[in-house]
Amino acid sequence: MIPKHLLAIESSCDETSAAVVRDDLAVLSNIVLSQDEVHAPFGGVVPELASRQHLKSICPVVRESLAVAGLPLEAMDYFAVTQGPGLVGSLLVGLNFAKGLAYFYKKPVLGIDHVQAHIESAFIDRPDLEFPVLALVVSGGHTSIFVLKKKLKYQVLGRTRDDAAGEALDKIAKFLDLGYPGGPVIQRLAEKGDPLRFPFVLPRMRDRSFDFSFSGLKTAAIRLVRENGITKESAALTDFLASFEYAVVRALIGNLTRAAEELGPKSLVLCGGVARNKRLRAAFEKAAAERGFPASIPSPKLCTDNAAMIGALAWAKIKAVKKELPLSLDLDAYPRSPK
Ligand code: KG4
Ligand code: ZN
C-alpha cells in the first residue's frame, strides 16, 4: 500500500507549528516556532502580537516542515488544522492558511480540537494504550480531566473553575519578574528549593467534583510573597517556588488519583505544556505505579503546543470515518471548548 501523508498546522496561541505525519503515525517533521521572545517583555501572551507573528511565521514554518519531511505540498492527501479553543486571531491565521491549501490542491481539510489533540499526543509514542483512558490535560490555557471509554469518545470529568495550572505558574513568575513563560523558570529555580518550607492549603470542592481551582493558590502565593518580603533576589526564593510548584502538583495529582480510584481506568495519561514539569512527571508516575495503572506522558517536545499532535488526531478521525471526506471549506474558529 502506498503510504498517505497529511500536513498539520497549529497556531492556537503563541507557537506556530507545522508537521508532516504519515498514516502509520510516523512523524516525518514537527517544526515549532515559539513566540516567547515577542511576549516575554509583557510577561504573557499579547493576542494581537501573536496573530501578527503567526502571519509572519506560517510560510517559513510550513516550508521547513515539508523540507524536513522531504515531500512537496502536492504529496499531501489531507490538511489538518487547529480549530479551537484558542485565541481567535491566532487560530484564523492557521485556519485560513490550511483552507487555502485545501482549496488549491482540492484535498480535504480537517478542523481539530486543540485539547483533544493534547490527549492524542500520548498515543504517538504509545499507540497500544488501553481504554478506558483517564487523561489529565495541563497547559497554560487548560486544566481538565477527561475519560475516554474508547477512541475519540471524550467525556469531561473536571475542569478548572478559574485559572489553568500553567497560567497560575506564569502569573506568579510575572509577579516576581522572573520571565516568561513562567513554568520552565519556576522549575529551574525550584529544583534547589525546599518544597515543604512554605505551607499552602489546597482548595477543596464542596461538591466532591473533579474540578480544579488555582486562583486561591495564586492569591495565597502573592500573600506569602508580600508577608515574607520575597523578591527575585531573596535567599528564600527557591524554597518559595519549590513550595508553590509542589502545591500545584499536589492539587493536580490529588484530583487525578481520586478520579482514577473511582473509575478504575486501564491507562493514565498526563499531557499539555505543564506535563514537561519534572516534579509533576515524577509525582504522576509514582501515583500511577502505586495504584498499578499503566501511565503515559508524551516526550517533552510533544507536551507543549505542536502540530504533530494535530496530525495524529486527524489520522484517528480519518480512519474512524472510513469513507471519502468532503471537500468542504466551512471551518470556523472557536475560542472556548464546547460545553
Ligand atoms: O500546552 P502549552 O504549550 O500551551 C497551551 O495550550 O496553553 O502550555 C504552555 C504552558 C505555559 O503555562 C508554560 O509555563 C507551561 O506550559 N510549561 C511548564 C513547563 N514547560 C512549559 N510548566 C511547568 N514546568 C515546565 N517545565
Ligand atoms: Zn496547548
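The analysis underlying the following values was restricted to heavy atoms, covering all of them including side chains, and did not include hydrogens, waters or symmetry mates. For ligands, and for the atoms within them, numbers begin at 1 and follow the listed sequence.
- With a 4.0 Å heavy-atom cut-off, ligand 1 is reached by the side chain of Asp170 but not by its N, CA, C or O.
- Checking only distances, Gln187 does come within under 3.5 Å of ligand 1, N or O to N or O.
- Of the candidates Val21, Val20, Leu71, Leu66, Val20 is the only one forming a side-chain contact (heavy atoms from CB on, under 4.5 Å) with Ser29.
- For His114, the nearest N, O or S atom to the Zn ion (ligand 2) falls under 2.8 Å.
- A distance-only check finds no donor-acceptor pair linking the side chain of Asp163 to the backbone of Phe214 [under 3.5 Å].
- Closest heavy-atom approach to atom 8 (O) of ligand 1 within the set Cys271, Ala275, Gly273: this belongs to Gly273.
- Relative to the six-membered ring of Tyr246, Arg250 meets both conditions, a distance below 6.0 Å and an angle of at most 45° to the axis.
- Where the criterion is an N or O separation shorter than 3.5 Å, residue side chain and backbone included, Gly183 meets it with respect to ligand 1.
- Distances between N or O atoms of Ser139 and those of ligand 1 include at least one value under 3.5 Å.
- Nearest protein neighbour of atom 10 (C) of ligand 1, counting heavy atoms only, is Gly140 N, 3.4 Å.
- For Asp113 and Tyr154, the side-chain atoms include no donor-acceptor pair closer than 3.5 Å.
- Distances from the Zn ion (ligand 2) to each N, O or S atom of Asp305 single out OD1 as the nearest.
- In terms of distance to the Zn ion (ligand 2), the nearest N, O or S atom of His118 is named NE2.
- Heavy-atom separations between His114 and ligand 1 include at least one value shorter than 4.0 Å.
- On a distance-only criterion, Pro181 and ligand 1 share no N/O pair closer than 3.5 Å.
- When the shell of 6.0 Å around OH of Tyr103 is examined, it contains 12 or fewer heavy atoms from other residues, nucleotides or ligands.
- Look at Pro184 and you'll find a heavy atom under 4.0 Å from some atom of ligand 1.
- Distance alone, capped at 3.5 Å, places no donor-acceptor pair between the Ser121 side chain and the Cys303 backbone.
- With 2.8 Å as the limit, Cys13 does not count as an N, O or S neighbour of the Zn ion (ligand 2).
- Taking the ring axis of Phe42 as reference, the NZ or CZ atom of Lys174 does not stay both within 45° of it and closer than 6.0 Å to the ring centre.
- Between His118 and ligand 1 there is a heavy-atom distance shorter than 4.0 Å.
- Asp77 and Lys107 are not joined by a salt bridge, as no carboxylate oxygen comes within less than 4.0 angstrom of a charged side-chain nitrogen.
- Ligand-side atoms of ligand 1 in range of Arg276: 20 (N), 26 (N), range being under 4.0 angstrom from any heavy atom.
- Of the possible donor and acceptor atoms, none in the side chain of Asp239 sits under 3.5 Å from a partner among the backbone N and O of Gly193.
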